[in-house]
Amino acid sequence: MNCEELRDWIPLYGGGELQPNERIAVESHIGSCASCAREVGDYRELRACLAPLRDGEGAPDLWEGIQQELFPNRTHPFERVWGLARYAAVWVAGVGIGFAFYTVARQAVLLKSSVSLESVRASDPVRQDPGQPKGRVVPAGEGPGEPYEVRPTWPPGFRPRGFVEGHHLPRVERLIGANEEVRF
Amino acid sequence: MPDPEEVRLLARCQQGDEKAFREIVDRYQRRTYWIAHHMLGNYEVSKDISQEAFVRVFKNIRHFDLRKNFYTWLYQIVVNLSIDYFRKRSHHKTADLEEVEEVADAKPDPERAADRTEVQGRVQNVLHRLPPRYKAVLTLRDIQGFSCEEISEIVGCTNATVRWRLHRARKLFKAMWDGEDVEVGEEGEEAREL
C-alpha cells in the first residue's frame, strides 16, 4: 500500500483504533517510508500533549449548587426557625387585624340599631299616652306617616271593645289641637 | 458490567436518597467538570454545565435502567449540554480565533492558570478552535481515555462514525497545531486548508 492509501489510517494508528489488518498495513509501510513514519510520530506527540489535561481538581463547591437546586429545604437550622417565626408573625398579625375589624364593625351595628330604636321610642306619641294599651313597638310596612305600629299585648282571650285588630292608629284629636284646622 | 456498589447507590437515588446522590456526585464530579471544561474552556460555565448535568440526572434517575453504565449516560448529558451551549454562543460558522481565546481565557481559575504550562495553554487554544463534535470525541478519547465503544454510547452514534470523527479531529488538530490556516464549519464538514 502507498502513502495516499494509508493517509486516513495514520491519525488512528497511534491511538490504537485501527483494525488488526489496518494496523499491520501501516506498520509495514512506515518501516520503509520516513515521511509517514514522521507523521505517525507527530500524532503520537500530540496525543501525549493532550493526555495531561485529564488531571486536575473538580469544582470545589459543585455539590452546594446542586443541593440548593434539588433539595432547597435543606436550609440552615437558624434560617428555618427564622422562617417559621416570620410565618407565625404574619399569621398572628392577620388574625389580630381581622378580629379588630370584626369588633369595630359589630359595635357600629349595635350602636346604629340602639340609636334608631331610642329615637323611635322617644318620638312615639302613642307610647307616651298613658291611656293607650302598652305593647310592642314594631316597624310597620305600611301606613301613611306612621313608621311604627303598636301591637298590644292583651291577655289571652281578651279583646277590648272597639279595638281594630293589628292596628292602633292615634286619634286625630291627639295629633292636632281641638281648635286647629287641617289643611291639605 | 456496572459496579454492584454503584447500582445500589443508584437504586437509592431512585428513591430520592440525597446522601446516595451525594456519593454519586463525589465519584463523578471531577471528570464531569473536566469534560465540560475541555469542551468550553471556561471555569464558571463548565461548573454550571456540570451542575446542570447532575440536576438533570437526579430528576430523571427513575427512568434510568440500572443494568446500563451510569457514566455513559452522565457524560452524554454533559457533552450535549456543552455542545448546546457552544452553539448558542457561536454566531458565526467560521471559528474566530480571538473569540475562542476569549472564551478559553474568560475568568480562568487563578490557581489552575499558574500551573498550566505554555504547551498546555497552546493545546487548549487549539482544542477550543475545533468544531464541537470533533472536540467531543477528541476530549473523550485522547484526554479522558474512553474506548471507541464507550464514546459511541456517549455521543450517540456508531463506532464507525466515532472513528471517522476521531480521524478528522486529529487531522484538524494537527493542521492547526502546525500553524496552518484552516477554515472550518460548525460541524467540520467544510474544513479546507487556505
Side-chain angles (χ1 to χ4, degrees), chain A residues 1 3-23 25-26 29-30 35-77 80, chain B residues 16 18 21-22 25-26 28-38 43-44 46-55 57-59 109 111-112 115-117 119-120 122-124 126-127 138-139 141-145 147-148 151 159 162-164 166-174 177-178:
Chain A
M1 298 183 77
C3 301
E4 196 65 30
E5 291 169 336
L6 295 174
R7 183 183 298 272
D8 288 341
W9 291 351
I10 287 177
L12 300 177
Y13 174 77
E17 292 92 20
L18 293 178
Q19 299 294 331
N21 60 320
E22 297 168 342
R23 180 173 52 79
V26 171
H29 177 76
I30 59 176
S35 174
C36 290
R38 191 165 45 249
E39 196 169 347
V40 166
D42 290 343
Y43 279 110
R44 273 209 183 108
E45 283 182 17
L46 287 177
R47 289 193 72 244
C49 289
L50 288 169
L53 297 180
R54 184 187 313 180
D55 298 325
E57 296 296 325
D61 52 349
L62 188 67
W63 171 250
E64 280 71 22
I66 295 170
Q67 186 181 42
Q68 200 169 359
E69 185 155 352
L70 291 176
F71 312 103
N73 294 328
R74 299 288 190 271
T75 55
H76 193 275
R80 220 178 306 166
Chain B
E18 180 185 346
F21 189 63
R22 174 77 188 264
V25 170
D26 289 342
Y28 290 102
Q29 63 109 359
R30 191 171 74 91
R31 213 169 189 185
T32 300
Y33 167 78
W34 280 107
I35 289 175
H37 189 273
H38 293 137
Y43 171 73
E44 288 295 333
S46 305
K47 198 176 93 168
D48 291 342
I49 294 290
S50 305
Q51 182 177 316
E52 177 64 23
F54 281 113
V55 167
V57 159
F58 187 79
K59 287 182 177 178
D109 183 10
E111 295 179 358
R112 294 186 178 83
D115 298 335
R116 193 188 301 170
T117 63
V119 172
Q120 286 189 357
R122 190 177 163 205
V123 168
Q124 288 274 16
V126 174
L127 183 65
L138 198 65
T139 298
R141 178 66 182 150
D142 290 343
I143 299 178
Q144 298 297 330
S147 68
C148 287
I151 295 173
N159 207 340
V162 170
R163 253 179 54 131
W164 183 84
L166 201 54
H167 158 258
R168 293 292 301 153
R170 285 174 179 163
K171 282 195 75 170
L172 210 54
F173 188 93
K174 184 175 182 301
W177 182 267
D178 292 339

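Per chain, numbering begins at 1; letters A, B, ... match sequence-line order.
For a residue to count as touching a neighbouring chain, one of its non-hydrogen atoms must lie under 4.5 Å from one of that chain's; by this rule A:I66 touches chain B with backbone and side chain alike. There is no contact between B:I35 and chain A, counting heavy-atom distances below 4.5 Å. Within the 4.5 angstrom heavy-atom criterion, atoms from both the backbone and the side chain of A:Q19 approach chain B. Both the backbone and the side chain of B:H167 come within contact range of chain A, each with at least one heavy atom under 4.5 Å from a heavy atom of that chain. Of the two parts of B:V55, the backbone and the side chain both hold a non-hydrogen atom closer than 4.5 Å to a non-hydrogen atom of chain A.
Taking NZ of B:K47 as the start and CG of A:D61 as the end, the distance is 3.5 Å to the nearest 0.5 Å. Interatomic distance, A:D8 CG to B:W164 CH2, rounded to the nearest 0.5 Å: 10.5 Å. Between the CG atom of A:L12 and the CZ atom of B:R141 there is a distance of 9.5 Å, given to the nearest 0.5 Å. The structure places NZ of B:K59 at 5.5 Å from CD of A:E69, a figure rounded to the nearest 0.5 Å. Between B:L127 atom CG and A:L50 atom CG the span is 6.5 Å, to the nearest 0.5 Å.
The shortest distance between side-chain heavy atoms of A:Q67 and B:E18 falls below 4.5 Å. Looking only at side-chain heavy atoms (C-beta outward), B:K171 and A:Y43 come within less than 4.5 Å of each other. Side-chain atoms of B:R170 and A:L46, non-hydrogen and from C-beta on, never get closer than 4.5 Å to each other.
Closest heavy-atom contact between B:K174 and A:D42: CE-CB, 3.4 Å. When all heavy atoms of B:Q51 and A:L62 are compared, the pair lying nearest together is N-CD1, 3.8 Å.
With sequence neighbours excluded, the residues that form a side-chain hydrogen bond (donor to acceptor under 3.5 Å, both in side chains) with B:Q144 are B:R31.
Within the structure, the side-chain hydrogen bond (donor to acceptor under 3.5 Å, both in side chains) test picks out the following pairs touching residues 44-53 of chain A (sequence neighbours left out): A:R47-B:D142.
Environment of CD in A:E64: crowded, with over 12 heavy atoms of neighbouring residues, nucleotides or ligands closer than 6.0 Å.
In this structure, A:W63 and B:F21 have tilted ring planes: the angle between them lies in the 30° to 60° band.
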